[in-house]
> 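What follows is a structure written as structure tokens; I'll ask about it next.
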Amino acid sequence: MSTFVLKGNFCFSKNQTELTTKENAYLVCEEGVCKGVYEELPEKYKSLPCHDYGEKLIIPGLIDLHVHAPQYTFRGLGMDLELIDWLNTHTFKEEAKYANLDYAERAYEIFVDDLMKSATTRACIFGTIHNEATLKLMEMLEDRGVKGYVGKVNMDRNSPEELCEESDSLSAQKTIEWIEEARNRFHKIKPILTPRFIPTCSDELMKKLESIQEKYHLPVQSHLSENIGEIEWVQELCPTTKFYGEAYNKFGMFGNKYPAIMAHCVHSTEAELELIAKQNVFVAHCPQSNTNLSSGVAPIRKYFNKGIKMGLGSDVAGGFDLSIFRAMADALQVSKLRWRLLDTNFTPLKLEEAFYLATKGGGQFFGKVGSFEEGYEFDAVVLDDSSFRTMRKLSVKERIERLIYLANDTCVVDKYIAGENVK
Ligand code: GUN
Ligand code: FE
């Protein structure tokens, strides 16, 4: 791991509502960790190698808290359905193909290549039910220097035969084998428990995953309160629960002891939100997916007010775009529509808040990630926005604002993850 200095124009979140910008400044990386941003480089760092990026922008790497790698190759297709029909018509059929390792390898290469080109440095990724394909995905990401979590998906009911594990026992057994192998082989990419969602996971399976979590101390990722029909279905499947989140909480998979990410939370009730806040469950806000699948708009302002931990997710292929810049723009736009059309109590998000969600907010799930403050892991992306022609002289903050709305990640010219140049 290296020690060096980057020179350029920096922007990072001070907190949820404030950005810090520094022009022609220096960012010091020591053994993969940020040592601060300086307008004048301190004497003790002057002998370090310095990469001068001139006029370019440098921001913390973006965080994708929720993405499905096997869905990437059909992004942008078949979006005229709601969640359950979309899963049955398009998604499960595609994921079943990952039983074939050759297919999986070729498809995951496309996902990993495009992820590397993007501004995303860390992600929480769903694989499929297949151990071999999921391990291959982990290997590819590890080899490219990405840090994050990948989950072998569990599903043992309400799934098509070709994508349904034979029994809860077999699903649990395969999960243990996958964890053991992943722990031996990978260091940057870690396993995360991934019960797909309550409709596809029996109580027996959830119980077994709970013991696996106790044994291996793993975080968990899943889906929660995304779609009205889905929520009604969960109520039928779990008649004794008062709200959807209880169906995870019953099995210890709703924060508190082990970190949890729940994607969507579009229609969470007050009781569900109370528990999310109390047990530090992370909400992965996926505005583009929620728009495409007509799921609704999560009231993110309300969640901020409740102090809920949150980040952004692309949710490819519910979302069609892997770009977290795009997720920021989408989060801003849907919050404005929600405010105007649905509920004027919750004001639209601000630019600073969208940037926070994409960096420091989501980054919290990984520890000290998502900022250039001292002690944070050194994840940085260098952006060249010179192709966007204008008549104005823009500040660093304005250039970031414009990038959020205009960028498709093609501006990324260099990328560092925990101090390693991965571009
Ligand atoms: N709920 C269960 N599976 C999925 C999935 O693959 N995508 C989305 N958006 N929601 C889900
Ligand atoms: Fe999802």
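Start at 1 and go down the list; that is how both ligands and their atoms are numbered. One is the number of the first residue; the rest follow in order along the sequence. Computation of the quantities below employed the complete heavy-atom set of this structure, encompassing side-chain atoms and omitting hydrogens, waters and symmetry-equivalent molecules.
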> Report yes or no: does H264 have a heavy atom closer than 4.0 Å to ligand 1?
yes

> Decide, yes or no, whether a salt bridge links R185 with E142 under the criterion of side-chain N to carboxylate O below 4.0 Å.
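Salt bridge between R185 and E142, a charged N being under 4.0 Å from a carboxylate O: no.
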
> Counting heavy atoms only, which of H223, E226, E95, E230 is nearest atom 4 (C) of ligand 1?
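Minimum heavy-atom distance to atom 4 (C) of ligand 1 goes to H223.
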
> Taking non-hydrogen atoms only, is W86 closer than 4.0 angstrom to ligand 1 via side chain, backbone, both or neither?
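Answer for W86: side chain.
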
> Closer than 4.0 angstrom, basic N to acidic O: yes or no for R144 and D113?
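Yes, this pair counts.
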
> Hey, is F126 one of the residues with a heavy atom under 4.0 angstrom from ligand 1?
no

> Check whether any N, O or S atom of H68, backbone or side chain, sits closer than 2.8 Å to the Fe ion (ligand 2).
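Given the 2.8 Å cut-off, H68 counts as a ligand of the Fe ion (ligand 2).
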
> Assess whether a salt bridge exists between K152 and E165, defined as any Lys/Arg side-chain N lying under 4.0 Å from an Asp/Glu carboxylate O.
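Answer for the salt bridge query: yes.
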
> Could you tell me the angle subtended at the Fe ion (ligand 2) by OD1 of D315 and NE2 of H223, rounded to 10°?
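For OD1 of D315 and NE2 of H223, the angle centred on the Fe ion (ligand 2) reads 170°.
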
> So does K174 pair up with E177, basic N to acidic O under 4.0 Å?
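Salt bridge between K174 and E177, a charged N being under 4.0 Å from a carboxylate O: no.
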
> With respect to the Fe ion (ligand 2), please indicate if H66 possesses an N, O or S atom at a distance under 2.8 Å.
yes

> At less than 2.8 Å, would any N/O/S atom of E226, backbone or side chain, sit next to the Fe ion (ligand 2)?
no

> Applying a 4.0 Å heavy-atom criterion (strictly less than), which segment of T200 is in contact with ligand 1: side chain, backbone, both, or neither?
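Near ligand 1, T200 shows nothing, with every heavy atom at 4.0 Å or more.
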
> Is the shortest side-chain N to carboxylate O distance from K306 to E274 below 4.0 Å?
yes

> Heavy atoms, side chains only, cut-off 4.5 Å: are P70 and Y108 in contact?
yes

> Of all the non-hydrogen atoms in the protein, which one sits nearest to atom 9 (N) of ligand 1, and at what distance?
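Sorting protein heavy atoms by distance from atom 9 (N) of ligand 1 puts D315 OD2, 2.7 Å first.
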
> Answer yes when R157 and E204 have at least one side-chain N-carboxylate O distance shorter than 4.0 Å, and no when they do not.
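Salt bridge flag = no for E204 with R157.
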
> Just jot down the ligand 1 atoms closer than 4.0 angstrom to any heavy atom of L87, in number order.
2 (C), 3 (N), 4 (C), 5 (C), 6 (O)

> Salt bridge or not for R106 and D102, using N-O below 4.0 Å?
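Yes, charged N to carboxylate O under 4.0 Å.
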
> Taking distance alone, with no angle check, do R196 and ligand 1 share an N/O pair under 3.5 Å?
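Yes; at least one N/O pair falls below 3.5 Å.
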
